[in-house]
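Quick notes on the structure that follows.
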Amino acid sequence: MSIKRIENYIPKAIELLNKEFPEGKIASAYNGYISSFGASIIQSGLKPTLAVFENANASTKEDKSYLTKLILKLLPNTQGASLLKFVLANKLNEEALKEEVLDIAVALKLSIRTFRLV
C-alpha cells in the first residue's frame, strides 16, 4: 500500500463519484462493500475477490460489480468493462495490479465517506 498513491487517487475518486452521483448521495450499501473489498483481497486474493464482486447472480442490496467498474475507471491504462478480465489478461503484472487496486479501493473508501450515505 502506498500512502502517496492513495493521496493521488483521492481527488480522482471524488471527481469520478461526483460524475456518477451528481446529487451527492450514495447508497450506504456501497460503503460496506468497499470496506470489505480490501480485506477480502488480503484474505482470499485478488482474482477470487473480483470473481465474487463481479458475480451478476449475487443477491445483494446494490450491484457490487459497480465498485469494480469504478476501480477500473480509476486504474490507468485499462480497457474493457471487467476488472477481473483485465487482471486475468495481465498475469505478469498481477502483484503490482493488486497493490494498485488496493490503493484505489482505499481512496474510494475514503472518498465515499465524504458523500451523503442513504
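- In the model, Tyr66 has no side-chain atom that pairs as donor or acceptor with a side-chain atom of Glu54 under 3.5 Å.
- Atom CG of Leu83 and atom OG of Ser65 lie 11.0 Å apart (nearest 0.5 Å).
- Residues Leu17 and Leu70 are in side-chain contact: their nearest non-hydrogen atoms beyond the backbone lie under 4.5 Å apart.
- Summarising the geometry, atom CG belonging to Asn77 is positioned 10.0 Å from atom CG belonging to Asn90; distances are rounded to the nearest 0.5 Å.
- Within the 4.5 Å cutoff, side-chain heavy atoms of Leu75 are placed close to those of Phe86.
- For an aromatic pair to be called close, the ring centres must be under 6.0 Å apart, and Phe21 with Phe115 fails this.
- Formation of a donor-acceptor pair under 3.5 Å by the Asp103 side chain with backbone atoms of Ser2 is found in this model.
- At a threshold of 4.5 Å between non-hydrogen side-chain atoms, the residues Ser36 and Phe53 count as touching.
- Taken from CG in Leu67 to CD1 in Ile104, the straight-line distance is 12.5 Å, to the nearest 0.5 Å.
- The CD atom of Glu100 sits 10.0 Å away from the OG1 atom of Thr78 when rounded to the nearest 0.5 Å.
- Distance check: Leu110 CG to Glu7 CD gives 10.0 Å after rounding to the nearest 0.5 Å.
- Smallest separation of non-hydrogen atoms from Ala81 and Leu72: C-CD2, 3.8 Å.
- Taking a 6.0 Å sphere around NZ of Lys98, one finds it holds more than 12 heavy atoms contributed by other residues, nucleotides or ligands.
- Side-chain contact between Glu99 and Arg5: present, with at least one pair of heavy atoms (C-beta onward) separated by less than 4.5 Å.
- Heavy-atom minimum distance, Lys47 versus Val87: CG-CG1, 4.1 Å.
- Lys91 meets the salt bridge (Lys or Arg N to Asp or Glu O under 4.0 Å) test with no other residue; sequence neighbours excluded.
- Scanning for salt bridge (Lys or Arg N to Asp or Glu O under 4.0 Å) contacts around Arg113 gives an empty result, with sequence neighbours left out.
- Side-chain atoms of Ile71 and Phe37, non-hydrogen and from C-beta on, do get closer than 4.5 Å to each other.
- Using a 4.5 Å heavy-atom cutoff, the side chains of Val118 and Ile26 are not in contact.
- Annotation for Asp63 and Tyr30: closest pair O-CE2, 3.4 Å, computed over non-hydrogen atoms.
- Across every non-hydrogen atom of Leu84 and Ala51, the tightest pair is CD2-CA, 4.0 Å.
- A search for salt bridge (Lys or Arg N to Asp or Glu O under 4.0 Å) contacts involving Lys73 returns Glu20, not counting sequence neighbours.
- Panel note: side chain Thr49, backbone Ile41; a donor-acceptor pair is recorded below 3.5 Å.
- For the atom pair CG (Leu46) and OG (Ser40), the distance works out to 9.5 Å, reported to the nearest 0.5 Å.
- Listed for the Ser111 side chain is no donor-acceptor partner under 3.5 Å among the backbone atoms of Ala13.
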